[in-house]
Amino acid sequence: MSTVTTKVKGFAFTNVSNMTPKFWDVADYVIPPQGVNSFFVLTNMVATPDQTQSRCLEHPGPSTTCMDDCDCIEGYSDPRGNGIRTGLCENYSTTARTCEVISWCPLEVDTKLPERPLLAAAENFTVLIKNSVTYPKFKFHRRNILPRINSSYLKRCEFNRTTDLDCPIFRLKHMVSEAGEEFEDMAAKGGILGIIIDWSCDLDWWAGECLPKYSFRRLDNKNPDNDVAPGYNFRFAKYYKTPDGEEARTLIKAYGIRFDIIVFGTAGKFGIVPTIVSLGAALSFLTLVPIFADIFMLTCMGKRRLYERHKVSYLNEDDDAESMSMGTTYGTQ
């Protein structure tokens with residue numbers, strides 16, 4: 001039985017053309033603030049600011065281009081489109097005509113993803129992982145924040161396989177590196193990283209302490225031969241009111257790394273009763289060995305007839321009775 005909580009720390013600053021300069025803290029880039037054994041860190045994005053509910057033209061595409069109004073059925077909503085059609089076909093450009101829709105306008109253009117992650121500073125973010133495990137059968141409870149760790153050590157430590165193996169604070173870049181990935185490459189289009197905590201323990205008093213073992217692995221598929229829909233992304237919006245009282249929003253297509261925390265393990269402890277039961281079962285099995293050996297020798301061996309003659313003696317009652325009779329006569333004489 002296990003439970004996990006996380007707390008991310010770090011700051012970043014962005015200054016891009018279609019957004020005002022912005023300072024990012026934990027409330028901005030950790031989405032949602034609490035997850036179930038996982039957390040997401042925003043590393044890259046495509047922002048569409050100042051969207052309002054109005055009418056605008058669809059982007060050109062196989063299902064959105066049109067020749068006249070008859071191609072744009074009023075009230076129809078294409079699941080792959082951006083809104084509900086008004087029935088009008090308008091000039092999108094000098095070379096293309098598309099259907100007009102009721103939607104959040106202007107529509108998102110998500111094809112211009114920054115090649116370098118906007119929040120490249122996320123590589124230096126840290127996360128505190130608090131994990132508690134219980135083995136009810138043995139009434140054993142343990143936290144990954146060990147009893148010898150105090151608050152002053154926790155404020156300055158960072159997980160390191162050589163110097164700080166027990167520290168529960170991890171730098172994001174180091175976790176991605178241990179998984180065999182480059183942080184900047186993974187952060188550009190997102191991905192899923194597994195934080196694996198192994199609690200396999202021998203709970204006998206002479207076996208030493210039961211300590212967690214950490215490892216890291218990329219979980220999403222990264223295949224250069226099949227790069228359709230790579231990485232990990234989703235959309236969310238921040239809503240506000242304009243000076244005129246109209247509802248507006250900034251739409252963000254968020255790319256980032258989702259960290260899934262996977263806890264597993266087995267525990268064992270010496271018990272006299274299971275040992276006696278296992279020993280008895282082993283001895284019972286050993287008594288069957290001669291029986292199976294005989295069956296094999298008498299049925300499968302090439303010289304099974306010879307083995308049978310030496311193993312089995314046949315008793316002839318007439319010969320035995322005659323031998324006994326002769327022995328009695330010689331004794332009388």
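For this chain, numbers begin at 1 and follow the sequence in order.
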Enquirer: Looking at every non-hydrogen atom in both residues, tell me the closest pair between E247 and T52 and how far apart they are.
Expert: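 Here E247 and T52 meet closest at O-CG2, 3.9 Å.
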
Enquirer: Quick one, Y153 and D164 - any side-chain contact, counting heavy atoms below 4.5 Å?
Expert: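 Counting from C-beta outward, Y153 and D164 do come under 4.5 Å.
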
Enquirer: Flag the pair I197 / S215 as yes when at least one side-chain heavy-atom distance between them is below 4.5 Å, and no otherwise.
Expert: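 Of all side-chain heavy-atom pairs linking S215 with I197, none is under 4.5 Å.
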
Enquirer: Are R249 and F236 packed together at the side-chain level, in the sense that at least one heavy-atom pair is separated by less than 4.5 angstrom?
Expert: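 When only atoms from C-beta onward are counted, F236 and R249 do not touch, as no gap falls below 4.5 Å.
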
Enquirer: Rounded to the nearest 0.5 Å, what's the gap from SG on C201 to NZ on K269? Could you check?
Expert: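 So the SG of C201 and the NZ of K269 are separated by 12.5 Å.
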
Enquirer: Would you check if L128 and F170 make a side-chain contact, meaning some heavy-atom pair closer than 4.5 Å?
Expert: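 No; the side chains remain at least 4.5 Å from each other.
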
Enquirer: State yes or no: do L107 and L88 share one hydrophobic cluster built from I, L, V, M, F, W and Y residues joined by side-chain heavy-atom distances below 4.5 Å, directly or via other members?
Expert: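 Not linked; separate clusters.
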
Enquirer: Can you tell me if T43 uses its side chain to pair, donor with acceptor, with the backbone of A187 under 3.5 Å?
Expert: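 Yes: the side chain of T43 pairs with the backbone of A187.
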
Enquirer: How close do P106 and D50 get, counting heavy atoms only, and between which atoms?
Expert: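 Taking every non-hydrogen atom into account, CD-O, 3.8 Å.
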
Enquirer: Do you reckon W199 sits in the same ILVMFWY cluster as I149, going by side-chain contacts under 4.5 Å, direct or chained?
Expert: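 Hydrophobic grouping puts W199 apart from I149.
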
Enquirer: Tell me which one of F259, F11, Y29 satisfies ring-ring contact (aromatic ring centres under 6.0 Å, His included) with F125.
Expert: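 The option that passes is Y29.
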
Enquirer: If you compare all heavy atoms of G87 against all heavy atoms of D69, which two are closest, and at what distance to 0.1 Å?
Expert: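 For G87 and D69, the tightest heavy-atom pair comes out as O-CB, 3.3 Å.
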
Enquirer: Can you confirm whether C99 sits close enough to T64 that some side-chain heavy atom of one is under 4.5 Å from a side-chain heavy atom of the other?
Expert: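 Contact flag for C99/T64 side chains = no.
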
Enquirer: Please check if the side chain of R218 supplies one atom and the backbone of L193 the other of a donor-acceptor pair under 3.5 Å.
Expert: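 Here the side-chain-to-backbone pair does not exist.
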
Enquirer: Mark yes when over 12 heavy atoms from residues, nucleotides or ligands other than K213 sit less than 6.0 Å from its NZ; otherwise mark no.
Expert: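 Yes, NZ of K213 has more than 12 neighbouring heavy atoms, counting only those of other groups under 6.0 Å.
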
Enquirer: Please answer: with hydrophobic residues joined when any side-chain heavy atoms are less than 4.5 Å apart, are M175 and Y232 in the same cluster?
Expert: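 Same hydrophobic cluster.
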
Enquirer: How would you list, by chain and number, every residue that makes a ring pair (Phe, Tyr, Trp, His ring centres under 6.0 Å) with F234, sequence neighbours excluded?
Expert: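 Applying ring pair (Phe, Tyr, Trp, His ring centres under 6.0 Å) to F234 gives F40.
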
Enquirer: Is the CD atom of E158 crowded by more than 12 outside heavy atoms at less than 6.0 Å?
Expert: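 Counting neighbours around CD of E158, more than 12 heavy atoms of other residues, nucleotides or ligands fall under 6.0 Å, so yes.
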
Enquirer: Examine V26 and M45 and state if one hydrophobic cluster contains both, with Ile, Leu, Val, Met, Phe, Trp and Tyr joined whenever side-chain heavy atoms are less than 4.5 Å apart.
Expert: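 Same hydrophobic cluster.
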
Enquirer: Which pairs of donor and acceptor atoms, one on a side chain in residues 74-84, lie under 3.5 Å apart (sequence neighbours left out)?
Expert:
| unit_1 | atom_1 | unit_2 | atom_2 | d |
| --- | --- | --- | --- | --- |
| D78 | OD1 | R80 | N | 3.1 |
| D78 | OD2 | S63 | OG | 3.0 |
| N82 | ND2 | E58 | OE1 | 2.7 |

Enquirer: Could you go through the salt bridge (Lys or Arg N to Asp or Glu O under 4.0 Å) check for R217 and E178 one step at a time?
Expert: CA-CA 8 Å; R217 179 180 301 174; E178 285 208 23; over 6 Å; no

Enquirer: Working to the nearest 0.5 angstrom, can you tell me the gap between S38 OG and I262 CD1?
Expert: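 Here the interatomic distance stands at 10.5 Å.
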
Enquirer: Taking the six-membered ring where the residue is Trp, are the ring centres of F23 and F13 under 6.0 Å apart?
Expert: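 Not close enough - the centres of the two rings lie 6.0 Å or further apart.
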
Enquirer: Heavy-atom distance under 4.5 Å between the side chains of V109 and H59, does that happen here?
Expert: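 The answer is yes, as the side chains (C-beta and beyond) meet within the 4.5 Å cut-off.
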
Enquirer: Side chain to side chain contact (heavy atoms under 4.5 Å, CB included) between R55 and V101: does it pass, once the steps are laid out?
Expert: CA-CA 6 Å; R55 297 183 177 213; V101 293; over 6 Å; no

Enquirer: Using a strict threshold of under 4.0 Å (side-chain N to carboxylate O), is an ion pair present between E100 and R85?
Expert: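 So R85 does not pair with E100 through a salt bridge.
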
Enquirer: Going only through I, L, V, M, F, W and Y residues with side-chain contacts under 4.5 Å, is there a path from I31 to I257?
Expert: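 Yes, I31 connects to I257 through the hydrophobic network.
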
Enquirer: Without placing hydrogens or testing angles, list every side-chain donor-acceptor pair under 3.5 Å for residues 140-148, not counting sequence neighbours.
Expert:
| unit_1 | atom_1 | unit_2 | atom_2 | d |
| --- | --- | --- | --- | --- |
| H141 | ND1 | T134 | OG1 | 3.2 |
| R142 | NH1 | C210 | O | 2.8 |
| N144 | OD1 | N131 | N | 2.8 |
| N144 | ND2 | I129 | O | 2.8 |
| N144 | ND2 | Y214 | OH | 3.2 |
| R148 | NH1 | E209 | OE1 | 3.2 |
| R148 | NH2 | D166 | OD2 | 2.6 |

Enquirer: Minimum heavy-atom separation for M1 to P136, with atom names?
Expert: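 Taking every non-hydrogen atom into account, SD-CG, 3.4 Å.
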
Enquirer: Rounded to the nearest 0.5 Å, what separates atom NZ in K130 from atom CD1 in I169?
Expert: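 CD1 of I169 is found 10.5 Å from NZ of K130.
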
Enquirer: May I ask you to check whether W24 and T14 show a side-chain donor-acceptor distance below 3.5 Å?
Expert: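 Yes, because at least one side-chain N or O of W24 sits under 3.5 Å from a partner of the opposite role on T14.
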
Enquirer: Hey, could you give me the CZ/CG distance between F138 and D204, rounded to the nearest 0.5 Å?
Expert: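 With rounding to 0.5 Å, CZ (F138) is 9.0 Å from CG (D204).
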
Enquirer: Would you find a donor on one side and an acceptor on the other, under 3.5 Å apart, between the side chain of D68 and the backbone of C70?
Expert: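 Looks like yes, one N/O pair under 3.5 Å.
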
Enquirer: So which atom in F183 and which in A122 form the shortest heavy-atom distance, rounded to 0.1 Å?
Expert: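 Minimum heavy-atom contact is CZ-C, 3.7 Å.
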
Enquirer: Any chance you could measure L57, atom CG, to S93, atom OG, to the nearest 0.5 Å?
Expert: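 Rounded to the nearest 0.5 Å, the CG-OG separation comes to 10.0 Å.
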
Enquirer: Is it true that K253 and D110 have a side-chain N and a carboxylate O under 4.0 angstrom from each other?
Expert: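 Yes, this pair counts.
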
Enquirer: Checking disulfide (SG to SG under 2.5 Å) for the pair C157/C167: CA distance, chi angles, key distance, verdict?
Expert: CA-CA 6 Å; C157 78; C167 181; 2.0 Å; yes

Enquirer: Given K238 and D28, is the salt bridge (Lys or Arg N to Asp or Glu O under 4.0 Å) satisfied, shown in steps?
Expert: CA-CA 11 Å; K238 294 189 175 182; D28 297 313; 3.7 Å; yes

Enquirer: What verdict does the side chain to side chain contact (heavy atoms under 4.5 Å, CB included) test give for T6 and I261, after you've listed the backbone C-alpha separation in whole Å, the side-chain angles of each residue and the deciding distance to 0.1 Å?
Expert: CA-CA 10 Å; T6 61; I261 303 172; 3.4 Å; yes

Enquirer: Nearest 0.5 Å, please: how far is OG in S177 from CZ in F216?
Expert: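 It is 10.5 Å, given to the nearest 0.5 Å.
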
Enquirer: Pairing donors with acceptors under 3.5 angstrom, does anything connect the side chains of S200 and D198?
Expert: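 There is such a pair between these side chains.
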
Enquirer: So, do C105 and Q51 sit near enough that their side-chain heavy atoms are less than 4.5 Å apart?
Expert: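 They are not in contact (no side-chain heavy atoms under 4.5 Å apart), so the answer is no.
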
Enquirer: So, the side chain of N44 versus the backbone of L113: is there a donor-acceptor pair under 3.5 Å, distance only?
Expert: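 No; zero donor-acceptor contacts below 3.5 Å.
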
Enquirer: Less than 4.0 Å between a side-chain N and a carboxylate O, is that true for R171 and E123?
Expert: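 Salt bridge flag = no for R171 with E123.
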
Enquirer: Tell me whether N91 contacts the main-chain N or O of R97 through its side chain, where contact means a donor paired with an acceptor under 3.5 Å.
Expert: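 Absent.
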
Enquirer: As a quick check of understanding, evaluate side chain to side chain contact (heavy atoms under 4.5 Å, CB included) for F159 and L165, giving each step before the final call.
Expert: CA-CA 6 Å; F159 179 82; L165 191 61; 4.0 Å; yes

Enquirer: So E246 and K241, do their side chains get closer than 4.5 Å, heavy atoms only?
Expert: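 A side-chain contact under 4.5 Å is absent here.
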
Enquirer: How far apart are the closest heavy atoms of D220 and G190, and which atoms are they?
Expert: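 Closest approach of D220 to G190, heavy atoms only: OD2-O, 4.4 Å.
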
Enquirer: Going through the checks in order, is the side chain to side chain contact (heavy atoms under 4.5 Å, CB included) test met by T126 and V8?
Expert: CA-CA 6 Å; T126 60; V8 182; over 6 Å; no

